[in-house]
Amino acid sequence: MNHGNRSTGPIQSPHLPLGDRRDAPFYGRDILEVAQFRRADLQHVFGVAREMREMVTRVGSFDLLKGKILANLFYEPSTRTASSFYAAMERLGGSVIPINEVRYSSVSKGESLPDTVRSLECYADVIVLRHPELGAAKEAARYARKPIINAGDGIGEHPTQALLDLFTIVEEAGRIDGLTVTMLGDLKNGRTVHSLARLLSMFDVKLRFVSPDSLRFPEKIRDELKEQRIAFSEHGDLEEVLSQTDVLYVTRVQKERFEDPQEYKRVQGAYVINNETLDRARPTMVLMHPLPRVGEISMEVDSDPRAAYFRQMEYGMYVRMALLAMVLGKA
Ligand code: CP
């Protein structure tokens with residue numbers, strides 16, 4: 001891909017036109033679930049994300065979205081998603097209305113989700129929404145005129161995380177087709193693995209699911225994978241699949257989704273990745289985690305070159321820059 005002349009002249013990516021691209025993929029559209037994306041869309045997102053990385057490396061921030069405003073509406077805690085969307089918008093020259101703690105907004109007075117998004121869209125051009133209820137992003141999109149980007153809806157989906165996860169796999173492993181991807185941990189409640197498995201099902205991959213029996217992948221998604229003839233298997237012990245794994249995607253047991261604290265205690269700490277685990281893994285394996293982690297990857301692993309989870313976060317900002325530019329017609 002041509003990234004332009006590095007040495008002279010004004011800095012402007014040749015692939016980022018200054019005018020609105022109303023014919024651009026995803027212009028004015030919501031991003032609610034990964035089923036909206038085809039392989040060609042993914043290539044487009046990743047191409048724009050690489051250009052964003054190039055531009056950030058060269059100039060830090062630039063004015064592609066100058067004059068545009070993002071409302072960051074988070075009903076659940078977030079470090080990475082909230083701050084990477086914030087950073088993405090700032091680096092693109094736009095502005096952000098941050099509502100990272102809804103109890104300080106009129107939600108605490110009982111304002112409904114439809115009214116909240118219809119209020120924010122009076123001030124903003126796009127709304128990023130995280131909500132504890134499955135389907136909340138779709139509900140918001142039914143009422144909003146401006147694009148809604150789902151930043152996680154309960155145990156449903158986290159599509160922008162899946163896009164950045166897939167981008168991480170491409171950048172770290174160099175390909176997707178032919179890989180064996182193992183997902184480990186809370187596969188029942190972890191929305192990131194739900195979205196990622198659906199995205200990966202567009203490729204020629206083998207999926208391995210490792211979890212306690214009570215935290216297996218939801219039947220609905222297993223049925224979807226069967227319909228698409230994706231080779232997958234389920235395991236209780238990581239050792240059964242570790243040596244054949246190209247990408248190990250570790251997840252946190254989602255304490256906040258458990259109604260019974262005793263049940264959480266029974267399964268927390270079921271798996272811990274440490275240096276001994278990596279000794280038995282492939283030298284080229286990519287170790288990922290959406291973060292936050294709460295003990296399932298030991299900190300001693302962080303310095304291993306296979307530990308990609310901090311790079312994964314950075315990839316996320318470039319992907320979110322790409323998505324913002326796309327829905328706002330600038331890429
Ligand atoms: N991966 C992720 O969604 O992290 P946050 O909960 O910190 O946004």
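Note that the structure is predicted; figures quoted are calculated from it, not measured. One-based numbering along the sequence shown.
Salt bridge annotation for E224-K220: present, with a cationic side-chain nitrogen under 4.0 angstrom from a carboxylate oxygen. A salt bridge links E234 with R222; the closest basic N to acidic carboxylate O contact falls under 4.0 Å. The pair R216-D186 does not count as a salt bridge, with every side-chain nitrogen at least 4.0 angstrom from each carboxylate oxygen.
There is no path of hydrophobic side-chain contacts, each under 4.5 Å, that joins F74 to V102. Hydrophobic clustering of Ile, Leu, Val, Met, Phe, Trp and Tyr side chains at less than 4.5 Å, counting indirect connections, unites L42 with I149. Residues V56 and L64 are members of one and the same hydrophobic cluster, defined by side-chain heavy-atom contacts under 4.5 angstrom among Ile, Leu, Val, Met, Phe, Trp and Tyr. Residues V170 and L248 do not share a hydrophobic cluster, clusters being chains of Ile/Leu/Val/Met/Phe/Trp/Tyr side chains in contact below 4.5 Å.
With sequence neighbours excluded, no residue forms a salt bridge (charged side-chain N to carboxylate O under 4.0 Å, His left out) with R91. Among residues two or more places apart in sequence or in another chain, the side-chain contact (heavy atoms from CB on, under 4.5 Å) test is passed with T284 by R282. Here E239 pairs with R280 under the salt bridge (charged side-chain N to carboxylate O under 4.0 Å, His left out) rule; sequence neighbours left out. Applying the side-chain hydrogen bond (donor to acceptor under 3.5 Å, both in side chains) criterion to K109, with sequence neighbours excluded, gives S106. For R29, the side-chain contact (heavy atoms from CB on, under 4.5 Å) partners are F26, Q36, not counting sequence neighbours. Here Q312 pairs with D165 under the side-chain hydrogen bond (donor to acceptor under 3.5 Å, both in side chains) rule; sequence neighbours left out. Residues forming a salt bridge (charged side-chain N to carboxylate O under 4.0 Å, His left out) with E314 (at least two apart in sequence, or on another chain): none. Evaluation of the salt bridge (charged side-chain N to carboxylate O under 4.0 Å, His left out) rule for E121 yields R145 as partners, not counting sequence neighbours.
Here the side chain of S195 pairs a donor or acceptor atom with the backbone of H158 at under 3.5 angstrom. Between the R130 side chain and the N150 main chain, no donor and acceptor come within less than 3.5 Å of each other. Under a 3.5 Å cut-off, the side chain of N189 and the backbone N or O of I155 do not form any donor-acceptor pair. A donor-acceptor pair under 3.5 Å is formed between the side chain of S112 and the backbone N or O of D115. Of the possible polar contacts, none joining the E296 side chain to the Y271 backbone as a donor-acceptor pair under 3.5 Å is found.
Atom CD1 in I69 sits 8.0 Å away from atom CE in M89 (nearest 0.5 Å). Considering CZ of R191 and CG of L134, their distance stands at 10.0 Å, rounded to 0.5 Å. Going from atom CG of L324 over to atom CE of M52 covers 8.5 Å, rounded to the nearest 0.5 Å. The structure places OG1 of T277 at 9.5 Å from CG of L184, a figure rounded to the nearest 0.5 Å. Taken from CG in L129 to CD in E139, the straight-line distance is 9.5 Å, to the nearest 0.5 Å. In this structure, CZ on R320 lies 6.0 Å from CD on Q161, to the nearest 0.5 angstrom.
Other residues, nucleotides and ligands contribute more than 12 heavy atoms inside 6.0 Å of the NZ atom of K146. The 12-atom threshold is exceeded at CD of Q228, counting heavy atoms of other residues, nucleotides or ligands nearer than 6.0 Å. More than 12 heavy atoms of other residues, nucleotides or ligands lie within 6.0 Å of CG in D279, so this atom counts as buried by the packing criterion.
Annotation: ring-ring contact (aromatic ring centres under 6.0 Å, His included) contacts involving residues 161-194, sequence neighbours excluded, comprise F46-F167, F167-Y315, H194-F217. Counting only residues at least two apart or on different chains, the ring-ring contact (aromatic ring centres under 6.0 Å, His included) pairs with a member in residues 106-156 are Y75-H131. The list of ring-ring contact (aromatic ring centres under 6.0 Å, His included) pairs with a residue in residues 228-254, not counting sequence neighbours, reads F209-F232.
Between A136 and L113, the shortest heavy-atom contact is O-CD2, 3.5 Å.
Alongside M299, the hydrophobic cluster contains no other residue (criterion: ILVMFWY side chains under 4.5 Å).
Side chains of N100 and Y86: a donor-acceptor N/O pair is absent below 3.5 angstrom, by distance only. Defined by atom type and a distance below 3.5 Å, a donor-acceptor pair is missing between the side-chain atoms of S108 and R103.
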